[in-house]
Amino acid sequence: MLSTLTPAPLDPILSLTVAFREDQRANKMDLGIGVYKDEHGATPVMAAVKASQEQVFATQETKAYVGLVGREGFNRFMIDLVLGDSAAKERAVGLQTPGASGALRMLADLIRRATPSAKVWISNPSYVNHQPVMESAGLVVEKYDYFDPETKQVNEAAMLASLEHASAGDVVLLHGCCHNPTGADISFDAWQQLTEMALQRGFVPFVDIAYQGFGDGLEQDAAGLRYMAERVPEMLIATSCSKNFGLYRERTGAAIIVGKTLDNARLGLGRLLQLARSTYTMPPDHGAAIVETILADDQLKAQWLSELNVMQQRLRSLREGLVNAFHARDCFDFDFIAQHKGMFSHTGLTVEQIDALRDEHGIYMVGDGRINIAGLQEERLAELVDAILQVIQKA
Ligand code: LMR
């Protein structure tokens, strides 16, 4: 059986992590996978998570199954975090999932069951796993215009124009904030226009919000999503605790359905439970127990919010620091980095330049030119800038 298979292609992000680990150079720099790093280059367990984990260990009395939906309390808290005080909360249900990729897959399977002919529109470019997850569920993927390589910002007019081709019943996958891989977010005005289009054309918005809290703040980052959720009859949402709680390996996320009515949303949830049963049955509990404990406790929540704020501020200051380091070398071509949001920026570097940065300087970034801002170190910004300018001048 197995000999009929051809070797699987490597994942463009995860394979980079392996290559970085194996690189013996002392001065290597990892700007690849989307993992937050502090000023020491470490990804420590957040203090609120440590404290919560201790409570979970001390109070947990059983390892018996929780249930298909995961933790009900966790799901409610996820709905609160994402939808805030939006009225859409009244018609929203949640399913705890193994990370946001688990949520994407469960919701993709749901779309396929509900509307087999639906096309899923993703941004060009989009998170590397969006297309594979949608296609694995049997859905057809179309791309809408998004990133303008000249301005390094979103071309909103082109985006809206390409979505004129979305049909009723199609699904439009949007990034709630901190666009992955570009860092270029749509304006609130574009959220309003997209809402109007969804209502007129009858497409269903599907929002992936894996980086809430890393852009302008926890509430601000969800403002567009909340505006839209209040007005459209149906919306699908995939969210994650990997980044904002630093729970990467615990695989903690949620799929949220906003229905026309609560009963409608529950109909969708029933199908999600069935899909989960036939896929992985139940999500892992530990990460969700930690998050639920934090969000149920005012003190732990305040501690978590302040730690999240530190991460967000650090990303901002690294963005400014990098732009200033370019300025110090009389280069003003990378100012867009300070306008991007969240962990990533699309640099516009070519494949040859990216290869040269890795081979000659030990600097690892994703092959599409994405850098993880959180992988930068204040004291090495000049070194990075010099390496980039060197490979650019060589080309
Ligand atoms: C990333 O984009 O680097 C992360 O979301 C990790 C992943 O799952 O690809």
Residue pairs, two or more places apart or on separate chains, that pass side chain to side chain donor-acceptor pair (under 3.5 Å) and touch residues 138-148: Q131-K143
Check: K394 and E352 side chains under 4.5 Å, non-hydrogen atoms: no
Test item: side-chain donor near acceptor, Q193 and D189, under 3.5 Å: yes
Mind checking whether F214 and Y211 have parallel, tilted or perpendicular rings, split at 30° and 60°? perpendicular
Quick one, S242 and R249 - any side-chain contact, counting heavy atoms below 4.5 Å? no
Q353 side-chain N/O to T350 backbone N/O, donor-acceptor pair under 3.5 Å: yes
For residues 47-70, which residue pairs qualify under ring pair (Phe, Tyr, Trp, His ring centres under 6.0 Å), counting only residues two or more places apart or in two chains? F57-H286
If you group Ile, Leu, Val, Met, Phe, Trp and Tyr by side-chain heavy-atom gaps below 4.5 Å, do L267 and L262 land in one group? no
Side-chain touch K89/D80, heavy atoms, less than 4.5 angstrom: yes
For the pair H130 and H175, name the ring-plane relationship: parallel under 30°, tilted 30 to 60°, perpendicular over 60°. perpendicular
Assess, by modelled atom type and distance only, whether the side chains of N180 and R370 contain a donor and an acceptor separated by less than 3.5 Å. yes
Taking distance alone, no hydrogens or angles, what donor-acceptor pairs closer than 3.5 Å link side-chain atoms of residues 231-239 to residues at least two apart or in another chain?
{"unit_1": "R231", "atom_1": "NH1", "unit_2": "Y227", "atom_2": "O", "d": "2.9"}
{"unit_1": "T239", "atom_1": "OG1", "unit_2": "I209", "atom_2": "O", "d": "3.3"}

Can a salt bridge be assigned to the pair K301 and D298 using a cut-off of 4.0 Å between side-chain N and carboxylate O? no
With ring-ring contact (aromatic ring centres under 6.0 Å, His included) as the test, would you mind laying out the steps for H327 and F332 before giving the verdict? CA-CA 6 Å; H327 287 181; F332 298 86; 4.5 Å; yes
Just by distance, no angles: are the side chains of Q274 and R271 close enough, under 3.5 Å, to form a donor-acceptor pair? yes
Between D109 and R105, is there a side-chain N and carboxylate O pair less than 4.0 Å apart? yes
Taking the cut-offs as 6.0 angstrom to the six-membered ring centre and 45 degrees off its axis, would you call K28 and F20 a cation-pi pair? yes
Could R314 and D38 be called an ion pair, given the rule that one side-chain N must be under 4.0 Å from one carboxylate O? no
Option among D216, D185, T182 that satisfies the side chain to side chain donor-acceptor pair (under 3.5 Å) test with K341: D216
